[in-house]
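Letters A, B, ... mirror the listed sequences (proteins, then strands); counts begin at 1.
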Amino acid sequence: MRIENYPEIIPGKNPFKKIYLAIFLWITGRAIQAAARTDRVVKKEFEMLPDDFMLYLGVSPNGPGFVVGKDSNGKAKYMGAKLKGKSITLKMIIKNIEAAFLVFTFQESTAVGFAHDRFMVSGNLDEACRIGRVLDIVEIYLLPKIITKLAVKRYPNWKQMSPIRKHVGRVIIYTRAILGF
Amino acid sequence: MKLTEQFKFFNQAKIISGNKGLNNIPVELDDYNASKPLIITDKKSVEKKFDKIFIKALSDSNLIIGALYGSVSNEAKIAEVRELVDLYIARGCDSIIAIGSESSMNTAKAVNLMLCEKKDFLEIKDVNQNLKPLIGILTIDSRDTFTTDIVTVDARTLQSNYLFPNVVIIDPRMVKGGSEESVVERSLLALTQSIEAGTYGVNNPMNDSYIYSANQYIYENIKVLSKNRQETEAAVAIANAVYMAGVAFSNAPTGIAYALAKEIHKLTGESIGKVAAIILPHALRWINGKKDNGIKDKILQSLIGIEGYAKTPSEKRSIMVIDEIENLIKSFPKSLPSNLKDLKLQRYILENIANIIPDKIEYKITAKECLAIIDAAWSSEKEKV
Amino acid sequence: MEEIKGTSNRVLEVDLRTQKTKIYKITTEERMQYIGGKGLGLKLFYDRVKPGIDPLGADNIIAFMPGIIMGTSAPNSGRFDAVTKSPLTGIMTTSSCGGPFGIHLKTAGWDGLLIKGIAKEPTYLTLDKDGVKFHKADKLWGKSAIIAQNEISDNKSGAVVIGPAGEKGVRFANIISGERFLGRGGMGAVFGSKNLKAIIAKGKFYKIVPVDQRGFDKIKKRAAKNIKTNYMTSDVYTKYGTNANLNGSNAANILPIRNFKDGQHEDAYKLSGEAMSNKHSTKHHVCKPCSILCGKKGTFDGETLPVPEFETIGLMGTNLEIFDSNYIAKWNWLCSNLAMDTISTGAVLGWVMEAAEKGLIKSNLKFGSTEGVEDAINDMVEGKTELGRDMAKGTRFLSNKYGGKDFAIQVKGLEMAAYEPRGAYGQGLNYATANRGACHLSSYPIALEIYFNLINPYATYGKAHFVKFQEDLTCLVNSVHTCQFTMFAYVFESLLTKMTPKPILSALMTYLPAIAIKLIDYSVYQKLWQTISGMKISSAAFIKAGERIHVLERYMNTLEGISKKDDTLPDRMLNEGRTSDPLQRVVPLEKMLNKYYKLRKFDENGIPTDELLKKLSIEKKA
Amino acid sequence: MDTQKYYEFCTRVKTISGHNSLEEIPQALMDLNAKSPMIITDKGVSAVGLIQLVQDAIKKSKNKIEIKVIFDDVPADSDITTVNEIAKLYKEKGCDSIITVGGGSPMDTAKGVNILVSEDADDLMQFTGAGAIKRRLNPLIAIPTTSGTGSEMTLVAVIADHSKNKKMAFTSYFLLPDVAILDSRMTLTLPDFLTAPTAMDALTHACEAYTCLAKNPLSDSAALFAIELIRDNLLNVIKKPKDANGRLALANASALAGIAFSNSMVGMVHTIGHAIGGVCHVPHGVAMSILLPYGLEYNLHKTGHLTGELLLPLAGSEKFAAIPKELRPLKSIEIIRQLNEDLHKATGGRHSRFLSEVRNREGTQMIPKDKIRDIALTAQNDGSIFYNPEELDLEDLIMVIEAAWEGVPIDRKKIKMSKETSKVKIKI
């Protein structure tokens, strides 16, 4: 056997999926910040989190992802896409791009994603639960019902979240997410 | 349920099964701090472009494939193993991934052994240490020992707990396709392994849970998949059954149908799966007459489901198992004859094999009894056993 | 002396256990369909023996079948055929031999002799026009085949005799007749299993006369002329014997070296027919009657010994990297005395050397070393060591037991002859499809690929056509029964072939193989058969008979479980490149094989279709 | 059997089961190239002489195995300081392996110790979460003494840091013990009021594994076997505590249930159970036995068909066949409730049937009604909530806990149902 007949192989890249995920996660990250300042439930969940709370939600091994944490005022803040230099208290990492694509294109709901072991969570589990609930609410705001229904276990009925709160909230959160305030 | 008083169970192989399963490889390797695997696969897999699918699934990871060796043929051979050890070292690999056929996995295991034991494969007598991370990727060509704790290279066989692969991956992209015949043969081989593991073995609930899941998967999916090899769910299910049967097989004594089939395969080249399946009901009929053993009626549940099982009176359950298997075998007239005669095996070879089997298995059987089982399978006459 | 016009059609059937005999009359239909020799032998076997029997058991039959031209004055008419189920391969084996047994059997009035059953004690038979007599062989048992033959036979009779190898059941033991052998597939072991040491036929009771004497004389003349004018049959083989192949094979990178690891060696020329003829002053030593004269004798270390044939040189010489002809001649002589096949013996030695080198077994045999070889050959017969007893079962058995299947150079259990298929793909297809295993005599595409340089050895196109055609034709040659070398003469010296310029012939054969085959003239065989038997057979019916014989044998094998899985080559030929080939080519078998099945009308699993069997009037067995 | 679209399953634990399997420890250690084990256990275990059994088994062997040190002081609420202390001891005494004997607490502690000593680290914090451990740890043999937690089969260790009031979870396949020894002698002395809830804990693992989101074919099989073993043996063992075969069967059931739930995760029964444990310090098994029927009941519209299938191992094939498909889910729940009743009777009332009935040794009620809201709030943040088939918000949790407190079935009208996925219609 000639060793040179069996060269090293560096697997390729999949830019399309990566770009989609980067955009999706960028919006979601900023929407969490916006929702925490708009929706009272999300606000309350954030209040319950410890002061040094810092979440990274991303894709293994090289991203994309986002960091959301509490700023010095204790308010939720989107802190960019990079992990580096931040002391993360809760890491939620999806094992690979394909899995992330399944979850963030709602082919698998978040709960199913968990059931399918797509996530690796490090950190305090009760923080993860809070963030789980926050993400559900953010998705309800961001996405039309028909899509969100794929992502969450139970879509809230009007008693739990009135249409007014939902639609007004949606406009505000979108605006804030994109403008970043 | 009665437990046997003493038993052991071990399965090192983690299974990842389902959509995009392959894409988990980087994370799995990372668990072992590994990032540069040597890939060992065979010509058939390369022809079917499984190597390409595999490489694509690793995109956007930090893995480097140390080398992809795609020339393993039908049998693992010592010369190739030695060369691959050199390749592994030259490239500074830290893990091994085997894709496809038995021979790929056997080669991979042997390479792993040589690397860790630091001596030639032929000089290794037993294994007492953890080996390098080894991942097995099942394809439509994987069967028999792909997921077991056994390695066979050049007629030399070793068994050790350390020889299970660490991770076994079943991904729909790799397990669809092939011919009806290969589906039947692969599935029925797994069925033989699992049913025999649950029959000759002790009452071991750990192993039984693999056995019953395997049976159930095979029984529910073999017909669907043999008709349409592109049926994703059925294909994944059968591959799962291959894995489960392999584990069950590793944790139980070898059964008679399997032992006979393996020997017949060695001498005639006939597929183990086909021969084993034809012999299975006759071997079961024989063991069912034994005082100390018999077919556990629970096997029936795994074959025909809870409802049918519950409806069958308990004294009829073991006989029903045999009938069910016989009916199953008959449902593939194109791929599988119902007796050894129609398989065109030579009587004189079978007679010779009957004489050597008693020394090869743990369960007590005489050459005469072996021959009686072969006789029954020869013409599929029930009364002979 | 009484005359037999054409054929006697009488077959003597002998049961060794009951010592009873009966006579079977060959019907006209059988004669028309199966021609004679090998074809008829297979048909008689097929009608009498169930599939699945033990080749070494009482049910196996060994048939001796002289051809239709045996006893006439046609050139190369001295050959007869034997048919049995092989203990080495477990499937049919047929063998052609130029020894004196054939002519005596025929002129004793028999067109066939079938032996079945097991004698209660070591026995030999004498045969004449009235049948057989049984004799105790306890004094012959254990003796060398050559010595035993000399003791019981003289030049007024013809014998078939086994040596110690056959007695001990060496699965590639063979049978001697005169100085020629029924070589392959272990017929000697079948004799041994039947407690039969020898059969001595005493003939010359009848004169064999062609029915159409005038027509016969005419075609005989043409045949003789073709042989005389053909370069291969009149010059090359006559001068140097079969070893004439060696230099050409070496140059073409198809000579087995180091258990088929390579195809070329710088020292190989030392073993060529040319070199040997000088070194050992070789002389003719041949089948009778023959005009090609390929057999040779020579002086080796002062001893006069037969010159090893090309296959022996290949397997016991170059393939073991031994280039000293004295040793090879001695081992050849040893094998002759023990009566065992030199090809399989050599292949077993080669496997053992490689397995030892790789550590799979322990043995002192080494490539390039003559040390221990003689002992190993004796051990195969005596069975003193476990390895010795295992070696006696052939390379397939060895590799099943010890590993090393990839370098067990055998197909269907029969060890490969001395042509390396990675340098001649057609030959690869031949090895894979040949009925008795990796046999070089089933078809001989190597001649077109290498020796005549007519088709590209490294192409797959057309190979299936030539293999199929040659298989059918060879069946005819072995059934009319004459020497396969006559194919060079009769086919290539035909007017059309000879007059076509070589580049055109080559192009035709490469690109339009089906048409090229249609143009091939095999009428010499057909006319010989017609004039002797007095029966009319069309050219199409004649070649169809060849096809019938081949397909019947295939069908018989498929009843024993042979199918596509067995039509393969050793892993080495399919997967390993050779150092002597910078392009690292391997045989692209699958492609040729599928084409071949289509041409043959076999199904995709290599089984003759019902349609084909019907077309050839082969009755199916349940 | 449904083909799970995607699943992962791993049980890398060598299981040795039998009445004399302690005797296999020396060989097991040899196979792992270890000779100097440390034993980690708690006072309860050593007090009843179980450690002596282990020591005897090791002494009997010809192999040169020396128990370097026995640490038998793992507290019930073991935390990081205990782990650090034991790790120090391990290093000082030159141990090369751990044998842990006991229930969940010694096992979690041992896993924590094993991380520290194998990684040669001082700070456990750096290994929290998933995938932080990157190498095989030193040999660890687990010998359970309660047939309930199934910790010998799980890859998780939960270790508290009391100073920071935090619970840290460590998950890694390397945390799976190398060997689990199931020996009937180890549970023979367990009193009935502990046997019952621990076995019910195992039953809960199995039932939840079978009905929750991450179920897979292998966890299913293991779960069904576990249930069957419990059905056939639990009441017998309560009545005849010295029944070694029954004890061994329960130990196997617990291990099987451990295999099942560690590969499929659990749902709301654990969500609430953990919270009750956290808020009111109720033993885990007690909460499990009470809550199990409620969990199944709440999820009926999602996984009723699966609950129905549980009837086979719960009731046996004859009864199963006799009951029509659509009645089976409720029948399963009924049988579990009945089992609690039976256990209540068999233990002379020491096995609790509903939350208000749970009392501590002094006889005071452990779960006052006013704690329900706290429990629900805590439950919301338990990780297992992810794996429950139906969503549970605060209101839902309170509703379920109230019903379990009273000991009445859930009023199904109060359940806010998302899309029904159960394959059988549930008749109410």
Side-chain angles (χ1 to χ4, degrees), chain A residues 1-25 56 58-65 81 83-84 91-122 150, chain B residues 14-31 35-41 46 51-72 77 79-93 97 107 169 171-173:
Chain A
M1 183 170 67
R2 294 182 191 168
I3 287 180
E4 62 272 23
N5 288 349
Y6 304 97
E8 278 184 4
I9 300 169
I10 296 170
K13 301 212 180 302
N14 194 338
F16 165 73
K17 285 180 179 161
K18 210 161 173 174
I19 290 167
Y20 169 84
L21 290 169
I23 295 171
F24 186 92
L25 289 168
Y56 174 75
V59 186
S60 171
N62 306 323
L83 254 174
K84 227 178 159 189
K91 248 192 223 175
M92 296 172 82
I93 292 176
I94 301 190
K95 287 180 177 174
N96 55 66
I97 293 258
E98 285 294 336
F101 197 74
L102 288 175
V103 174
F104 295 132
T105 52
F106 315 103
Q107 298 175 56
E108 279 181 8
S109 72
T110 319
V112 170
F114 267 98
H116 287 183
D117 278 321
R118 305 290 195 196
F119 289 84
M120 295 187 288
V121 181
S122 318
L150 299 173
Chain B
K14 172 186 181 179
I15 180 172
I16 295 176
S17 161
N19 200 5
K20 310 286 178 197
L22 279 178
N23 298 61
N24 267 15
I25 290 171
V27 168
E28 290 300 324
L29 284 177
D30 189 54
D31 267 354
S35 58
K36 196 173 185 187
L38 169 69
I39 317 300
I40 299 177
T41 186
V46 172
D51 56 334
K52 298 273 180 312
I53 298 173
F54 167 81
I55 294 172
K56 206 171 160 227
L58 299 189
S59 42
D60 294 301
S61 72
N62 294 336
L63 283 190
I64 295 173
I65 296 171
L68 191 149
Y69 181 81
S71 321
V72 178
K77 44 198 180 195
E80 209 165 34
V81 169
R82 289 175 188 146
E83 287 177 339
L84 284 166
V85 168
D86 293 343
L87 182 61
Y88 182 103
I89 294 168
R91 282 288 150 68
C93 297
I97 298 177
T107 306
I169 296 180
D171 189 303
R173 288 168 280 183

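A pairwise comparison of heavy atoms in A:Glu8 and B:Gly66 identifies CG-O, 3.3 Å as the closest pair. Closest approach of A:Tyr6 to B:Ser71, counting heavy atoms only: OH-OG, 3.5 Å. Here the shortest heavy-atom pairing between B:Asp86 and A:Ile3 reads O-CD1, 4.4 Å. When all heavy atoms of B:Leu63 and A:Pro11 are compared, the pair lying nearest together is O-CD, 3.3 Å. Here the shortest heavy-atom pairing between B:Asn62 and A:Pro61 reads ND2-CB, 3.5 Å. B:Asn19 approaches A:Arg118 most closely through the heavy-atom pair O-NH2, 3.1 Å.
Among B:Asn23, B:Asn24, B:Leu58, B:Ile16, the residue making the largest number of heavy-atom pairs under 4.5 Å with chain A is B:Asn23. Among the candidates B:Glu28, B:Glu80, B:Lys36, B:Lys56, the residue making the largest number of heavy-atom pairs closer than 4.5 Å to chain A is B:Lys36. The most heavy-atom pairs under 4.5 Å with chain A, out of B:Ile64, B:Ile25, B:Leu38, come from B:Ile64.
The distance from the OG atom of B:Ser61 to the NZ atom of A:Lys13 is 8.0 Å, given to the nearest 0.5 Å. Distance CD1/B:Ile55 to CD1/A:Ile10: 11.5 Å, rounded to 0.5 Å.
Side-chain contact between A:Leu102 and B:Lys20: present, with at least one pair of heavy atoms (C-beta onward) separated by less than 4.5 Å.
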A:Asn62 and B:Asp60: CA distance, side-chain angles, deciding distance, side-chain hydrogen bond (donor to acceptor under 3.5 Å, both in side chains) verdict | CA-CA 8 Å; A:Asn62 306 323; B:Asp60 294 301; over 6 Å; no

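Neither the backbone nor the side chain of A:Ile93 comes within contact range of chain B; no heavy atom of the residue lies under 4.5 Å from a heavy atom of that chain. Heavy atoms of A:Ile97 lying under 4.5 Å from chain B belong exclusively to its side chain. For A:Asn14, the parts lying under 4.5 angstrom from a heavy atom of chain B are both the backbone and the side chain.
Counting heavy-atom neighbours within 6.0 Å of A:Lys95 NZ, excluding the residue itself, gives a total above 12.
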